[in-house]
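Just so you know, residue 1 is the first one in the sequence shown, and it goes up from there. Note that the coordinates shown come from a computational prediction; the quantities given were computed from them, not determined experimentally.
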Amino acid sequence: MARAAGSPKRYDAEGNVVPTTNFGYAGSYSTVDNSRMNGIAEAVETITDRESRVLIWWLANTPGPDMHVELTITEIAARLKMDPKALSRNVAKLNKLRLLLHVKTIGRNRFFRVTPYLTHQGSAFEQRTAIRDWNPPEIPAYVPPQKDKPKRPRKAAAGEEE
């Protein structure tokens, strides 16, 4: 198996070389917030299946961190086999919910990206930096996870043993 120049070999407990392979994803990949994505999937009263499909397309076609898709609504509609007017309505609703964010306009074409609260391509530090610029999306079925606060140990009163 070919190894990248300078890549370290890994060894098991007996000193044998452990076979390695390239990273399992083909091309770029994103991390997503599972609880927010679940909220989108469960928000059937608010977000339609078609709107979810449009959002998934945007997730899959985002070219990189903090970048937007450089295709017009007409071009995206052709790829999704949708009517451009229907796609425009779906995008407008996703934009209203702040799941897709309008980032620039050229002529009559508006360009969008996915909110960094939902997905990000890059390091955790870059994601924390990216979300400072945007309000969180409105996802009706999303319930933020509750963090269990660790209990502080009780101080022993005078004369008590710990």
Side-chain angles (χ1 to χ4, degrees), residues 1 4 7 10 18-153:
M1 174 176 13
S7 63
R10 296 181 184 253
V18 176
T20 58
T21 186
N22 294 333
F23 195 63
Y25 296 112
S28 63
Y29 65 98
S30 301
T31 55
V32 296
D33 182 324
N34 290 345
S35 56
R36 282 189 171 98
M37 289 298 287
N38 190 51
I40 289 167
E42 292 179 1
V44 293
E45 310 84 29
T46 307
I47 299 172
T48 66
D49 290 346
R50 181 161 289 184
E51 291 159 350
S52 296
R53 184 171 158 238
V54 168
L55 183 61
I56 290 169
W57 184 91
W58 239 277
L59 287 167
N61 287 279
T62 298
D66 296 329
M67 296 176 73
H68 57 277
V69 175
E70 286 274 349
L71 295 172
T72 66
I73 292 294
T74 305
E75 292 169 323
I76 295 168
R79 287 185 177 199
L80 291 173
K81 297 177 180 38
M82 290 177 68
D83 176 63
K85 289 181 182 180
L87 178 60
S88 290
R89 286 190 300 271
N90 294 151
V91 170
K93 183 173 177 185
L94 293 170
N95 181 237
K96 183 179 177 185
L97 295 172
R98 293 190 300 273
L99 294 168
L100 290 180
L101 307 172
H102 174 248
V103 292
K104 84 175 184 182
T105 302
I106 298 176
R108 296 177 62 196
N109 295 309
R110 299 178 68 193
F111 297 93
F112 297 86
R113 64 175 282 223
V114 179
T115 177
Y117 280 89
L118 190 59
T119 185
H120 190 72
Q121 294 176 340
S123 69
F125 175 77
E126 291 168 330
Q127 183 177 19
R128 285 191 302 274
T129 303
I131 64 174
R132 289 184 203 152
D133 298 333
W134 303 98
N135 289 324
E138 295 178 22
I139 304 172
Y142 170 65
V143 179
Q146 300 296 319
K147 295 182 179 177
D148 293 331
K149 293 183 179 179
K151 294 182 181 181
R152 291 184 176 170

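Nearest heavy atom pair, residue E70 against residue H68, reads OE2-NE2, 2.7 Å. Here the shortest heavy-atom pairing between S88 and I73 reads OG-CG2, 3.4 Å. Across L80 and R53, no two heavy atoms sit closer than the pair O-NH2, 2.6 Å.
Atoms CD and CG, from E75 and L87 in turn, are 11.5 Å apart once rounded to the nearest 0.5 Å. In this structure, CZ in R79 is found 13.0 Å from OG1 in T74, a value given to the nearest 0.5 Å. A distance of 8.0 Å separates CG of L71 from CZ of F111, quoted to the nearest 0.5 Å.
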Audit row: I47, L99, side-chain contact (heavy atoms from CB on, under 4.5 Å) steps and yes/no: CA-CA 11 Å; I47 299 172; L99 294 168; 4.0 Å; yes
Using side-chain contact (heavy atoms from CB on, under 4.5 Å), reason through N90 and M82 one step at a time and then give a plain yes or no. CA-CA 11 Å; N90 294 151; M82 290 177 68; 3.1 Å; yes
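Checked options T119, T62, L101; the residue passing with R113 is L101 (criterion: side-chain contact (heavy atoms from CB on, under 4.5 Å)).
A heavy-atom distance below 4.5 Å is not found between the side chains of V91 and R110. Residues L118 and I40 have side chains in contact (heavy-atom distance under 4.5 Å, counting atoms from C-beta outward). Counting heavy atoms from C-beta outward, V114 and L100 have side chains that approach closer than 4.5 Å.
Taking the six-membered ring where the residue is Trp, F112 and W58 present perpendicular rings, their angle passing 60° and hence far from 30°.
Shown here is D49, whose CG atom has no more than 12 heavy atoms of other residues, nucleotides or ligands within 6.0 Å.
Residues E51 and R89 are not paired through a salt bridge, judged by the lack of any N-O separation under 4.0 Å between the basic side chain and the carboxylate.
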